[in-house]
Each structure stands twice: as structure tokens, then as C-alpha cells.
Amino acid sequence: MVGTGGGRSLFRTSLVVINVVLVILQNPYVGVLGSDQTVTVSLYYETLCPYCADFIVNHLVQLFQNGLISIVNLRLIPWGNAWINPDGSFACQHGGDECLLNTIDACTISIYPDVTSHFRFIHCVERLTLQNKHSEWQKCFEMSGLGTQPIDCYNNGYGGVLENKYAKETSQLNPPHRFVPWVIVNNQPLQEDFQKFMAYICKAYKGKYKPEVCRSLSYQTDSTENIIGNSNSAVCYAGESRNFTALNLAEKIPR
């Protein structure tokens with residue numbers, strides 16, 4: 001529950017989420033093209049990496065704002081730099097809370113496979129992460145207009161099955177991911193150049209009609225044949241330990 005000082009913060013967060021929802025729902029481009037014309041964009045991330053949160057909240061959301069989503073098959077893979085212990089349990093770079101939220105995201109993607117639905121929820125959680133309020137994540141169900149079935153998915157163990165699948169997919173990346181956010185456009189890892197993901201989408205799209213935004217983005221990849229080391233973007237590196245205070249969110253999940 002939110003204390004007396006949380007009402008205004010929740011109100012502001014709600015307004016932001018509502019605005020994102022409205023942008024997505026009112027976007028006339030969503031779902032216009034057939035799957036054979038779309039560019040597949042895969043984001044490998046972890047929920048409590050602040051750089052993943054920033055990328056989702058402030059950059060990836062632009063796909064829904066500028067019409068690029070009309071040519072994109074967006075895949076979100078919530079595993080990141082986590083690993084599986086010898087006993088089969090999960091361990092995450094930012095602690096147990098991150099393992100919980102990764103699994104909740106996986107369940108939300110599975111239960112609400114439409115990207116406009118699960119992205120609203122994930123965007124809400126990541127905004128709370130940026131605000132150091134990730135403990136309020138359950139409010140994102142109501143704010144994004146979704147039911148709480150992902151909590152049941154987590155409790156009954158199916159979320160673990162989904163996370164094992166994402167762990168396997170992430171471990172098989174070639175080249176292996178070195179950090180998150182790790183972005184792949186049509187099987188091309190963008191590596192350090194991930195901030196230019198929209199330009200790469202436009203370049204990869206072979207359809208006849210490109211969204212208007214591509215006219216201003218197409219030039220950005222012209223000189224990036226060797227993209228390793230070309231960017232100074234902040235990331236969460238694989239194998240890097242982080243000082244992080246867990247809130248033991250799993251203990252507060254309704255059973």
C-alpha cells in the first residue's frame with residue numbers, strides 16, 4: 001500500500017502511463033503490415049538495470065509514437081545477465097527482486113502476447129525502476145489496463161518455465177551478449193550502436209512504403225560498419241556485480 005506521501009507520485013506516474021497507453025491505442029500504424037514485411041527487433045534486457053529501463057522508457061517507446069511499430073515485430077526477452085545456479089534456481093545481477101520482475105514480465109508477455117498490451121505494462125514497471133519505486137510494480141496492472149494473471153503464472157511455476165526458455169535463447173546468442181540492453185535487428189546485433197536502433201530498422205526494411213520518420217534516420221548507419229566501440233552508452237555488463245538493496249518483493253506476492 002502507498003502511504004500518504006505516495007498519492008501525488010502515483011498520480012503523476014498514472015498520467016505518464018495513460019499517455020503512453022493513449023499513444024499506442026491511437027496509433028493508426030499498429031498491425032498494418034503483414035508479418036512477411038516486418039523487421040524483427042529483439043531486446044534482451046533485465047528489469048532493474050537502470051540503462052535498460054532508460055532505453056525502454058525513453059527510446060524504445062518511440063516506436064509507438066512515430067509509426068515505426070508498423071514495420072516492426074518487437075520481441076522483449078527479460079533475462080539479461082541472469083544465470084542458473086547448480087540447483088536450478090535463478091540468480092540475477094540486481095538481486096532477487098530482479099528475478100521476480102523478470103519472471104513477471106515473462107508471464108505478462110505470455111498471457112498478453114499482443115505487443116501493445118505487454119509493452120504498456122513493461123513500460124510502467126521500467127518507469128518505476130527509474131524512479132526507484134519498483135516495489136510498486138503491482139500497480140502497473142491497473143495502470144496498463146491488464147489483469148493480474150501474471151501473478152498466478154509466477155506462483156504456479158510456469159513463469160520459471162518461461163524464464164528457462166529465455167535463458168536458453170540468451171545463452172545461444174552469437175556473438176554472445178556482453179551487456180544489456182542488447183538489441184538485435186533482423187539477426188544483426190547492434191552492440192554498442194544500439195541507441196541508433198531506429199535507423200537500423202529503416203535500413204533493414206525492404207517494403208515499398210517506409211514510415212515518414214525513416215527519411216531523417218536513414219543516414220545514421222552509413223558510417224557504422226564497425227560498430228564495436230563507437231558508442232559510449234551506459235550499460236549493465238555481463239558478469240559485473242552491482243551494489244543493490246533488494247526489497248524481497250517475492251515475500252509480498254499474494255498467494
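What you are looking at is a predicted structure, and each value in this text was computed from that prediction instead of being measured.
A distance of 8.0 Å separates CH2 in Trp79 from OG1 in Thr103, rounded to the nearest 0.5 Å. From Gln149, atom CD reaches atom CG of Asp152 across 7.0 Å, with rounding to the nearest 0.5 Å. Rounded to the nearest 0.5 Å, atoms OH (Tyr154) and CG (Leu101) are 9.5 Å apart. Between the CD atom in Gln138 and the CG atom in Leu128 there is a gap of 11.5 Å [rounded to 0.5 Å]. Atom-to-atom distance recorded for Ser117:OG and Ile122:CD1 is 11.0 Å, nearest 0.5 angstrom. For the atom pair CD of Gln37 and OG of Ser70, the computed distance is 10.0 Å after rounding to the nearest 0.5 Å.
The side-chain heavy atoms of Asn164 and Phe90, taken from C-beta on, include a pair separated by under 4.5 Å. For the pair Glu240 and Phe179, the minimum side-chain heavy-atom distance is 4.5 Å or more. In this structure the side chain of Leu43 never reaches within 4.5 angstrom of the side chain of Ile184, judged on heavy atoms. Looking at heavy atoms from C-beta onward, Ile77 lies in side-chain contact with Thr170 at the 4.5 angstrom threshold. A heavy-atom distance below 4.5 Å is not found between the side chains of Val180 and Tyr51. The shortest side-chain heavy-atom distance between Ser171 and Pro176 does not fall under the 4.5 Å cut-off. Contact check for Leu68 versus Gln62: no side-chain heavy atoms found under the 4.5 Å cut-off. Side-chain contact check for Pro78 versus Glu46: every heavy-atom pair is 4.5 Å or farther apart.
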As a quick check of understanding, evaluate side-chain contact (heavy atoms from CB on, under 4.5 Å) for Met143 and Arg120, giving each step before the final call.
CA-CA 9 Å; Met143 284 189 254; Arg120 293 196 301 266; over 6 Å; no
Take Val115 and Asn73, measure what side-chain contact (heavy atoms from CB on, under 4.5 Å) needs, and give me the verdict at the end.
CA-CA 9 Å; Val115 68; Asn73 168 32; over 6 Å; no
Step by step, work out the side chain to side chain donor-acceptor pair (under 3.5 Å) result for Asp105 and His118.
CA-CA 8 Å; Asp105 275 11; His118 61 249; over 6 Å; no
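The two residues Val185 and Phe197 come nearest to each other via the heavy atoms CG2-O, 4.4 Å. The nearest pair of heavy atoms linking Tyr158 to Asn156 is N-OD1, 2.9 Å. Heavy-atom minimum distance, Pro150 versus Gly147: CD-O, 3.6 Å. Between Cys49 and Glu98 the shortest heavy-atom distance is N-OE2, 3.5 Å. Taking every heavy atom of both residues into account, Ala238 and His177 meet most closely at CB-NE2, 4.1 Å. In this structure, Lys206 and Lys203 approach most closely via the heavy-atom pair NZ-O, 3.4 Å.
With sequence neighbours left out, the side chain to side chain donor-acceptor pair (under 3.5 Å) criterion links Thr47 to Asn102. For Tyr112, there are no ring-ring contact (aromatic ring centres under 6.0 Å, His included) partners two or more places apart in sequence or in a different chain. Residues passing the ring-ring contact (aromatic ring centres under 6.0 Å, His included) test with Tyr45: none are found, sequence neighbours excluded. Applying the salt bridge (Lys or Arg N to Asp or Glu O under 4.0 Å) rule to Glu142 yields no partners; only residues at least two apart in sequence or on another chain are considered. Phe121 is linked by a ring-ring contact (aromatic ring centres under 6.0 Å, His included) to Phe141, counting only residues two or more places apart in sequence or in another chain.
Cluster membership for Leu173 and Ile84, using ILVMFWY side-chain heavy atoms within less than 4.5 angstrom, is shared. The same ILVMFWY cluster, assembled from side-chain heavy atoms under 4.5 Å apart, contains both Leu74 and Ile111. Both Leu146 and Leu76 are assigned to one and the same hydrophobic cluster, defined by single-linkage of ILVMFWY side chains at heavy-atom distances under 4.5 Å. Using a 4.5 Å cut-off between side-chain heavy atoms of Ile, Leu, Val, Met, Phe, Trp and Tyr, with links allowed through other members, Val57 and Val72 fall into different hydrophobic clusters. The hydrophobic clustering, which links ILVMFWY residues whose side-chain heavy atoms are closer than 4.5 Å, places Leu60 and Leu190 together.
Looking at Glu136 and Arg127, no side-chain N of the basic residue comes within less than 4.0 Å of a carboxylate O on the acidic one, giving no salt bridge. Between Lys168 and Glu163 no salt bridge is recorded (no basic side-chain N to carboxylate O distance below 4.0 Å).
By the SG-distance test at 2.5 Å, a disulfide connects Cys153 to Cys107.
When each of Trp182, Phe55, Tyr44 is paired with Phe194, the ring-ring contact (aromatic ring centres under 6.0 Å, His included) condition holds for Phe55 and for no other.
Residue pairs meeting the disulfide (SG to SG under 2.5 Å) criterion with at least one partner in residues 57-106, sequence neighbours excluded, are Cys92-Cys99.
Other residues, nucleotides and ligands place no more than 12 heavy atoms under 6.0 Å from the CG atom of Asn187.
Put simply, the side chain of Thr108 gets close to the backbone of Ile104: a donor and an acceptor are under 3.5 Å apart. Asp54 places no side-chain N or O within 3.5 Å of a backbone atom of Pro50 that could act as its donor or acceptor partner. Without hydrogens or angle criteria, Arg75 side chain to Val41 main chain gives no donor-acceptor distance under 3.5 Å.
No donor-acceptor contact under 3.5 angstrom links the side chains of His94 and Asn81, judged on distance only.
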